[in-house]
Amino acid sequence: MEPPEPNERTSPDREKRRRLFEQEVIRLMDRLYGTALRLTRNPDDAEDVVAEAVERAWTRLDDLRGWEHFEGWLFRVLNNTFISMWRRRRSRQDRETEFDDPDSAASPDERDFSLYRKLHQPFLLWWGTPQDQFLDRLVLDDLQRALDSLPDPFRVVVVLVEVQGYTYDEVAGLLEIPVGTVRSRLSRARALLQKRLWEYGNRPAAARDPRNGGSSTDGERP
Amino acid sequence: MSSDSLTCEEVIRQLFAYLDRELDTQVSAEIDRHLETCRECFSRAEFERRLRQKVRETAREEPPERLQRRIRAMLDRY
Ligand SMILES: [Zn+2]
């Protein structure tokens with residue numbers, strides 16, 4: 001509550017804080033940007049989310065309890081920055097994009113889809129272990145595309161749980177939704193994700209759709 | 001004694017919650033035990049684990065030059 005010391009800007013303490021902050025932000029940059037990109041699926045938005053999060057983090061650095069918590073704290077700021085941006089946008093659109101009752105919209109095939117089970121269908125001729133071969137062949141581009149194809153509420157829970165390792169309770173708190181909703185979205189999201197991967201995996205590489213730009217294989221378009 | 005052995009179906013049904021570490025320690029330990037002896041469920045669990053690892057890898061990407069400059073300019077201001 002005390003006003004800052006007049007010489008605060010130049011104090012060694014402040015300089016040390018600044019240097020640590022900078023060092024950590026730079027170290028985490030690839031993951032901050034990558035996470036923002038998966039959350040927003042749009043490079044411009046991802047840049048804004050990262051920049052805004054870094055700015056917020058700097059102005060709220062007093063909230064940080066110890067530098068050993070910086071990483072988790074910064075990602076929390078990043079997620080919150082994304083979530084407020086997402087809410088702002090959504091409140092302008094109609095709210096039809098809510099997926100709070102995912103089960104109602106899903107066919108049983110979509111709800112229970114399991115890649116592993118598909119890979120073990122008896123008529124598929126693999127040698128060795130099909131699941132390992134599938135994973136060995138799975139390219140990151142396909143996985144990104146499959147993730148990006150998920151509706152926002154599904155994709156967000158996957159990124160929070162699978163990428164960032166939050167608990168269901170934490171996700172419920174972040175998104176302000178019931179924990180049961182987290183559970184059902186997550187399960188629907190995983191089934192959908194696996195279904196997309198199965199579809200991509202069964203298409204010859206040449207036929208893959210290069211439409212959603214950004215991938216490095218776009219060069220061969222006529 | 002016999003109630004603590006799970007069927008494969010029960011294991012698969014709770015597999016994601018298990019991988020997410022959302023189960024209480026007792027159930028989780030039961031699944032651990034099942035996976036040690038059941039090859040089929042173990043291989044399924046490994047598959048889901050590896051897939052998740054790949055999902056994690058998608059969230060790491062070098063930021064474009066423009067963002068790096070933008071962050072650098074912010075940091076210099078602090
Ligand atoms: Zn089993």
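First the proteins, then the strands, lettered A, B, ... as listed; each starts at 1.
Look at E57(B) and K54(B) and you find no salt bridge, because none of the NZ, NE, NH1 or NH2 atoms lies under 4.0 Å from a carboxylate O. Comment: R52(B) engages D20(B) in a salt bridge, judged by a side-chain N to carboxylate O separation of less than 4.0 angstrom. Salt bridge present: E15(A) and R18(A) bring a charged side-chain N and a carboxylate O closer than 4.0 Å. Here D63(A) does not pair with R60(A) in a salt bridge; the nearest charged N to carboxylate O distance is not below 4.0 Å.
Here the closest heavy-atom approach between residue R44(B) and residue I12(B) is recorded as NH1-CG2, 3.4 Å. Scanning both residues, R38(A) and A59(B), for their nearest heavy atoms gives CG-CA, 4.1 Å.
In terms of non-hydrogen atom pairs under 4.5 Å with chain B, the most contact-rich of P43(A), G165(A), A51(A), A146(A) is A51(A). Of the residues considered (T59(A), V159(A), D132(A)), D132(A) shows the highest number of contacts with chain B, using heavy-atom pairs under 4.5 Å. If you tally non-hydrogen atom pairs under 4.5 Å between each of D48(A), L186(A), D169(A) and chain B, the highest count goes to D48(A). Taking Q53(B), R50(B), E62(B) one by one and counting their heavy-atom pairs under 4.5 Å with chain A, the maximum is reached by R50(B).
If you measure heavy-atom distances from E48(B) to chain A, the contacts under 4.5 Å come from the side chain alone. The parts of R31(A) that come within reach of chain B are both its backbone and its side chain, each placing non-hydrogen atoms under 4.5 angstrom from that chain. Of the two parts of L32(A), neither the backbone nor the side chain holds a non-hydrogen atom closer than 4.5 Å to a non-hydrogen atom of chain B. Residue contact with chain A, scored on non-hydrogen atoms closer than 4.5 Å, is absent for R21(B). In this structure, the portion of L193(A) lying under 4.5 Å from any heavy atom of chain B is its side chain and not its backbone. For D136(A), the parts sitting under 4.5 Å from any heavy atom of chain B are the backbone and the side chain alike. Of the atoms belonging to L75(B), heavy atoms from both backbone and side chain fall under 4.5 Å from chain A. Using a 4.5 Å cut-off between heavy atoms, R70(B) contacts chain A through its side chain alone, with no backbone atom that close. Neither the backbone nor the side chain of R183(A) comes within less than 4.5 Å of any heavy atom in chain B. With a threshold of 4.5 angstrom between heavy atoms, Q194(A) approaches chain B through side-chain atoms but not through N, CA, C or O.
Scored by the ring pair (Phe, Tyr, Trp, His ring centres under 6.0 Å) test, F82(A) finds W86(A) as partners (sequence neighbours excluded).
For F70(A) and F21(A), the ring centers are positioned less than 6.0 Å apart.
With values rounded to the nearest 0.5 angstrom, R137(A) atom CZ is found 11.0 Å from L135(A) atom CG.
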